[in-house]
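Note sheet for the following structure.
Counting convention: from 1, in listed order, for ligands and their atoms alike. Counting from 1, the numbers follow the sequence of the chain as shown.
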Amino acid sequence: MNVGKLFILSAPSGTGKSTILKKVMNDLEGVAFSISHTTREPRKGEKDGVDYHFIDRSVFMSMKEKGDFLEDANVHGNLYGTSRRGVEEQRAAGLDVILDIDVQGAGIIRESGESEALYIFLAPPSLEELERRLRGRGLDDDETIITRLKNARREMQAINEFEYVIINEKIDEAARMFEAVILAQRSRDRRHITGSPLPYTTWCS
Ligand code: 5GP
């Protein structure tokens, strides 16, 4: 059976990651999104089991103790974790799994020696542009924007730990580049454009 790959996408907040992810999920067959667990409160419009599994701290800690998380991290004071079983099930079904996690989480998976993972960093064109976007969305107060910019500066220092870097100048182009990374990997794995195995893979082994 064909086993899908892990595509780890990290980006400072406000870079447009969710919009790009939605587009990629919509455009490509054979990809699944890993829904993380978090202790943060749902934002307006977010749904439990769709955007995140929203859980309280005690549940999170007991899952962590049981080893249920492939990686977990404290991001801006809230806990986030990737379900090991969720990812394994999706990959076993032959799907490529996209993880939207922060640079700490990406580092944990990298250090665990997970060889089936590709690391992609999505960056804003500049910190000035990121600030303009964060202010433009009108979601955060001044203090939050300053914290986010400080975090962005720190996260961008990890850029060289990623195999692929995509600059989000234009959403469509950035999404196309991310799709190109996934498709190139499928080609490399002797898989079909949809991610499924070629009918004659045994010829190549
Ligand atoms: P937000 O709360 O704005 O949705 O996400 C905040 C940050 O947490 C983002 O950088 C996002 O990539 C990261 N994040 C979301 N889920 C996970 C996870 O399961 N693990 C880690 N390490 N980071 C996560």
Side-chain angles (χ1 to χ4, degrees), residues 6-22 24-25 32-57 59-91 97-112 114 117-124 127 130 133-141 143-159 161-162 164-166 168 174-175 178:
L6 275 185
F7 290 87
I8 296 181
L9 183 68
S10 294
S13 113
T15 312
K17 190 167 48 172
S18 324
T19 316
I20 286 170
L21 275 178
K22 269 197 204 109
V24 172
M25 299 294 297
F33 178 66
S34 160
I35 302 169
S36 293
H37 288 70
T38 184
T39 60
R40 111 157 140 64
E41 291 295 317
R43 295 193 189 112
K44 203 164 161 252
E46 282 184 332
K47 289 199 184 75
D48 185 35
V50 176
D51 300 285
Y52 282 101
H53 299 290
F54 294 99
I55 55 175
D56 62 32
R57 251 174 203 261
V59 177
F60 192 98
M61 292 318 290
S62 94
M63 287 180 73
K64 182 176 161 79
E65 268 162 38
K66 282 192 279 170
D68 288 353
F69 295 128
L70 186 60
E71 62 72 37
D72 67 279
N74 183 325
V75 188
H76 314 142
N78 294 306
L79 306 178
Y80 294 83
T82 302
S83 159
R84 188 185 298 280
R85 204 180 69 193
V87 167
E88 277 168 8
E89 282 174 0
Q90 287 167 321
R91 289 181 67 191
V97 185
I98 302 178
L99 264 54
D100 164 357
I101 61 176
D102 81 322
V103 297
Q104 304 171 73
I108 293 169
I109 298 183
R110 196 181 297 110
E111 276 158 34
S112 76
E114 173 57 74
L118 279 88
Y119 299 85
I120 303 130
F121 192 91
L122 181 70
L127 283 170
L130 182 63
R133 287 182 192 176
L134 285 171
R135 292 195 186 281
R137 33 180 222 187
L139 287 177
D140 306 307
D141 56 27
E143 196 188 332
T144 314
I145 289 177
I146 291 167
T147 310
R148 288 189 191 277
L149 286 171
K150 210 169 87 196
N151 288 334
R153 208 178 281 272
R154 185 175 40 77
E155 285 170 326
M156 288 186 54
Q157 283 169 10
I159 209 163
E161 292 165 22
F162 288 75
Y164 298 92
V165 174
I166 300 173
N168 184 16
F178 187 22

In order of chain and number, which residues sit within 4.0 Å of ligand 1 by heavy atom? K17, S36, R40, R43, Y52, E71, A73, V75, Y80, G81, T82, D100, I101, D102, G105

Side-chain contact, heavy-atom cut-off 4.5 Å: L130 with L127? yes

Check whether any side-chain heavy atom of R148 lies under 4.5 Å from a side-chain heavy atom of P12, and answer yes or no. no

Is the backbone N or O of L79 less than 3.5 Å from a side-chain atom of T38, with the two atoms forming a donor-acceptor pair by type? yes

Going by salt bridge (Lys or Arg N to Asp or Glu O under 4.0 Å), name the residues that satisfy it together with R40, two or more places apart in sequence or in a different chain. E46

With sequence neighbours left out, write down each residue that passes salt bridge (Lys or Arg N to Asp or Glu O under 4.0 Å) with R137, or none if nothing qualifies. D140

Going by salt bridge (Lys or Arg N to Asp or Glu O under 4.0 Å), name the pairs with one or both residues in residues 76-86, residues two or more places apart or in two chains. R85-E89

